[in-house]
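Letters A, B, ... mirror the listed sequences (proteins, then strands); counts begin at 1.
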Amino acid sequence: MPELPEVETVARGLRGSLLGRTITGATVGWSRTIGRPAMDEFMARVAGRRVILVTRRGKYVLIGLDRGHLVIHLKMSGRLQVTPAGEPPDPYVRVLFDLDDGRQLRFQDTRKFGRVYLVDDPTEVTAGLGPEPLAEDFDLHCFRQLLDRRRGRLKPLLLNQKFLAGLGNIYADEALFAAGLHPLRTVDSLTPDEQMRLYEAIRTILGQAVDSRGTTLDDKGYTDVAGQAGAYQDQIAVYGRAGEPCLRCHSPIERIVIGGRSAHFCPCCQGKRS
DNA sequence: AAAGCACCCTGTACGC
DNA sequence: TGCGTACAGGGTGCTT
């Protein structure tokens with residue numbers, strides 16, 4: 001599932017192959033994939049636009065055009081691939097962009113949860129997002145201020161994109177493990193030292209995952225723009241490891257459901273109480 | 001503000 | 001072997 005590190009890897013890959021290219025046309029295979037404007041207007045307005053910028057905000061890929069911006073969320077199963085001309089069609093391609101060099105940018109998405117927007121200003125889509133956890137100016141002081149305005153349990157908070165942009169289920173669980181914090185711990189129960197550990201854990205885990213070009217859990221999982229898998233799955237400590245021994249203390253990893261979402265943790269290394 | 005849940009989808013895992 | 005069903009997952013929107 002693409003989270004910040006995967007989306008960052010995709011954005012970097014796209015930057016190399018899309019910058020300066022002109023989109024000669026677009027074909028939509030599943031109309032609901034287009035968030036806005038309506039499908040026909042989308043196809044008409046994107047044709048002839050040149051790519052001048054590729055960035056990321058939270059889990060969104062932002063493709064700046066000479067007029068307007070494509071804003072793309074991969075959700076669970078979305079993939080962006082740049083393919084050579086003549087590549088055989090993929091059954092899960094939802095949006096196809098033809099490029100002026102003969103290649104294609106393909107948005108593939110088996111689950112159809114992903115969305116592609118064409119807007120004048122990316123913040124029309126991303127306005128509600130919290131800060132970027134890897135931004136240089138996102139320091140411990142900022143993080144403490146964010147925490148002070150929140151209540152409730154840590155796991156749902158880390159998944160809340162309005163709190164912090166970019167964490168998903170995998171890296172939220174990994175960050176809580178790295179910080180030694182139980183996912184059901186509440187924000188207001190954190191000591192200053194625990195706040196710092198959580199801050200450091202989020203930054204360290206995300207940074208390492210970006211360096212590893214993301215997590216690919218299985219052959220159907222995430223890949224980068226060239227179709228290559230990430231490598232962070234080799235460093236996963238708790239996510240998807242229920243019943244397996246903790247890498248630190250060998251206790252069996254537990255899996256519980258919090259707010260309708262799975263949470264994986266070591267009951268020994270991540271005590272419920274501080 | 002937080003919590004719980006249905007919804008959007010489909011491949012896959014599982015029970016019989 | 002083959003069928004039906006539950007489930008996973010991110011985000012939104014609704015209700016409590």
Under a 4.0 Å threshold between the charged nitrogen and the carboxylate oxygen, would [Y] count as salt-bridged to [X]?
X      : Y      : answer
A:K155 : A:D173 : yes
A:R36  : A:E41  : no
A:D109 : A:R94  : no

* Other than A:I52, what residues sit in its cluster of Ile, Leu, Val, Met, Phe, Trp and Tyr side chains whose heavy atoms are under 4.5 Å apart, directly or through others? -> A:L53

* **Of residues 112-124 of chain A, the positions that come close to DNA chain B - non-hydrogen atoms, cut-off under 4.0 Å** =>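 Per residue number, the list reads A:K112, A:F113.
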
[X] [atom1] to [N] [atom2], straight-line distance once rounded to whole Å:
X      : N      : atom1 : atom2 : answer
A:K75  : C:dA8  : NZ    : P     : 18 Å
A:K155 : C:dG10 : NZ    : C1'   : 12 Å
A:D109 : B:dC8  : CG    : P     : 16 Å
A:Y92  : B:dT12 : OH    : C1'   : 11 Å
A:R149 : B:dA2  : CZ    : P     : 11 Å
A:R79  : B:dG11 : CZ    : P     : 13 Å
A:L158 : C:dG11 : CG    : C1'   : 16 Å

* Please identify each residue that fulfils side chain to side chain donor-acceptor pair (under 3.5 Å) with A:E87, with sequence neighbours left out. => none

* Considering residues at least two apart in sequence or located in another chain, which fulfil the side chain to side chain donor-acceptor pair (under 3.5 Å) criterion with A:R56? ->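 Side chain to side chain donor-acceptor pair (under 3.5 Å) list for A:R56, sorted by chain: A:E8, A:E132.
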
* Asked: Of A:T110 and A:R150, whose closest DNA chain B nucleotide lies nearer the 5' terminus?
  -> A:R150

Under 3.5 Å between N/O atoms: give me all the protein pairs with nucleotides 4-6 of chain B, atom names plus distance.
from: B:dG4; atom 1: OP2; to: A:R153; atom 2: NH2; distance (Å): 3.0

Under 3.5 Å, which donor-acceptor pairs do the side chains of residues 234-247 of chain A form with other protein atoms, sequence neighbours left out?
from: A:Q235; atom 1: NE2; to: A:S212; atom 2: OG; distance (Å): 2.9
from: A:R241; atom 1: NE; to: A:E244; atom 2: OE1; distance (Å): 3.3
from: A:R241; atom 1: NH1; to: A:A237; atom 2: O; distance (Å): 2.7
from: A:R241; atom 1: NH1; to: A:P245; atom 2: O; distance (Å): 3.2
from: A:R241; atom 1: NH2; to: A:P245; atom 2: O; distance (Å): 2.8

* **Check: A:R106/A:Q104 side-chain N/O donor and acceptor closer than 3.5 Å** =>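 Yes - a donor-acceptor pair under 3.5 Å links their side chains.
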
* Asked: Out of C:dT12, C:dG10, C:dG9, which has the shortest distance to the side chain of A:Y60?
  ->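 Nucleotide nearest to A:Y60's side chain: C:dT12.
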
